[in-house]
There are 2 protein chains.
Amino acid sequence: MSETGKSCAECAVRGEALCAALDENALAALSATGRRRRLARGESLSWAGHESAVCANLIQGMMKLTASTADGREQIVGIAYPADFVGRPFARDADVTVTALAPSELCVFPRGDFERALTGCADMERLLLRRTLETLDAARERMLMLARKTAGERVAWLLLDCARRAEAADGSEFDLPLTRGEMAELLGLTIETVSRQLTRLRARGIIATRGARGMAIRDAAALEAAAG
Amino acid sequence: MSETGKSCAECAVRGEALCAALDENALAALSATGRRRRLARGESLSWAGHESAVCANLIQGMMKLTASTADGREQIVGIAYPADFVGRPFARDADVTVTALAPSELCVFPRGDFERALTGCADMERLLLRRTLETLDAARERMLMLARKTAGERVAWLLLDCARRAEAADGSEFDLPLTRGEMAELLGLTIETVSRQLTRLRARGIIATRGARGMAIRDAAALEAAAG
DNA sequence: CGCTCAGTTGAAAGGTTTCAAAAACCGTGG
DNA sequence: CCACGGTTTTTGAAACCTTTCAACTGAGCG
């Protein structure tokens, strides 16, 4: 039973989060060390360069992981969705900052407790290994994008990714979960360049927009082609 | 005992590779499925988009992991050194190509056999998890570099990395393990840009070169500053 | 209804790439 | 040991794309 009075049994991501791999006893033990935490948009869970004190499962919302240079340039290096794990077990320091992109709720554990749960449960460890390998695959795809794709290709790629995640049917409208600034931060571009590329896609009839967030893909094939 | 007649006991990376976590029996079982393989510079172990058939430990040499776009643009997304693990357990398809940068020797296992060894040995699984988390950290640092650093910063960053790995004392000479082309492939630049940045660092007295590979860092502080 | 902030658009600047050619390097063979 | 030929590296100039700086527009909200 967590601080907020919700039990694991009624957790929105029960069955999808890492702790799905725990048996009843281990779950109870871990659960006793965890607590729910809500973050408003823009609030951070941890900061790069600071001690990596916590691990958490994202229950609802959306978070960004950002890396930054000494002089303040920033880059989003990952996005976390509900049921995703965030944190860095087995390391003293975090090298990313984790910030809520939308109002979010997490189940937070002291890092040491979470590590003990991992070590004590090979299934959960295996699950984390698989997820980490997938995250690494995604990171490598992003490296290719950041290093070799044009601005137009990057924007198209992101729109396809958002549409896929929004499970938007072809031509149907969905809301972008990111501002232009966040899109830029993710794609390694500037706000202006993102805006110009969206304008270009709209001019070519490939997408339609409605306000800043409303988005509809009119020509998925063309968008895929544009994504390189 | 592997094909080449060498046993694990006399393996050059025994104690550092993943299999250091295996007990005697498990090691014997895995070892029976593995074989040594030598690759000349430029030869590949696996190809992106093809079936991820093998896992391996790099015994000696150096390999690059490259991702590529449909139209052939390429980006190095990782480098493997002796004792490093290469391969993608738990996935049907590989999304990177693994190619030898120097004459290399690997201990290669069918993916299924390696996965069984992992599943049967929590210690090895834990070790792979830790290494994968470290690799992910490195990948994120690279994303930041590829997205936000200038050509000069990238080249300086790479030189520092190479010097560190070569354990070159301050001012001492060492050989770059990469050609200009490979440096460019790693840094998300072109050969010409890498060459121009090296020329600039040389002109500023920060480095000295001797042929294409010989490199000496004359002013480490300035180089660190230049790396951003 | 006006205010504020996010997003768009424009023009100029800047850095990197592209294309082209010269120079240096390296392994080979005489 | 030096000359040779192919390849890698360096250098130059122009083109290109993205960024920067600046101003405008539009949307959301009290």
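Quick note on labels: first sequence line is chain A, next is B, and so on, each numbered from 1.
Among the nucleotides C/dT9, C/dG7, D/dT10, the one closest to any side-chain atom of A/R180 is C/dG7. Nearest nucleotide to the side chain of A/A212, out of D/dT10, C/dG7, C/dT9: C/dG7.
In this structure a side-chain-to-backbone donor-acceptor pair under 3.5 Å is missing from B/R37 to B/V108.
A straight line from CG of A/L187 to P of D/dT18 spans 12 Å, rounded to a whole angstrom. Straight-line distance from the CG atom of A/L198 to the C1' atom of C/dT9: 14 Å, rounded to whole Å. Between the CE atom of A/M183 and the C1' atom of C/dG7 there is a distance of 12 Å, given to the nearest Å. Rounded to whole Å, atom P of C/dG27 lies 12 Å from atom CZ of B/R41. In this structure, CD1 of B/I191 is placed 16 Å from P of C/dA20, rounded to the nearest angstrom. As rounded to whole Å, 14 Å separates atom C1' of C/dG7 from atom CD of A/E182. The separation between B/E185 atom CD and D/dT8 atom P is 13 Å, rounded to whole Å.
A/R202 and A/T209 are linked by a side-chain donor-acceptor pair at a separation below 3.5 angstrom, with hydrogens and angles left out of the test.
The nearest pair of heavy atoms linking A/L101 to A/L178 is CD1-CD2, 3.7 Å.
OP1 or OP2 of D/dT10 sits under 4.0 Å from a side-chain N or O of B/R202. Contact annotation: A/R213 does not reach the phosphate of D/dG28 (side-chain N/O to OP1 or OP2, under 4.0 Å).
The ring pair (Phe, Tyr, Trp, His ring centres under 6.0 Å) test applied to A/F85 returns A/F114, not counting sequence neighbours.
Classification of B/R73 and A/E153 as a salt-bridged pair holds, one side-chain N sitting under 4.0 Å from a carboxylate O. In summary, B/D95 and B/R88 do not engage in a salt bridge, as defined by a charged side-chain N under 4.0 Å from a carboxylate O. A salt bridge links B/E182 to B/R41: one of the charged nitrogens lies within less than 4.0 Å of a carboxylate oxygen.
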Just the atom pairs and distances: protein N or O near nucleotides 15-19 of chain C's N or O, under 3.5 Å.
{"unit_1": "C/dT16", "atom_1": "OP1", "unit_2": "B/A151", "atom_2": "N", "d": "2.8"}
{"unit_1": "C/dT17", "atom_1": "OP2", "unit_2": "B/T190", "atom_2": "N", "d": "3.3"}
{"unit_1": "C/dT17", "atom_1": "OP2", "unit_2": "B/T190", "atom_2": "OG1", "d": "3.3"}
{"unit_1": "C/dT17", "atom_1": "OP2", "unit_2": "B/T193", "atom_2": "OG1", "d": "2.5"}
{"unit_1": "C/dT18", "atom_1": "O4", "unit_2": "B/R196", "atom_2": "NH2", "d": "2.8"}
{"unit_1": "C/dC19", "atom_1": "N4", "unit_2": "B/E192", "atom_2": "OE2", "d": "3.1"}

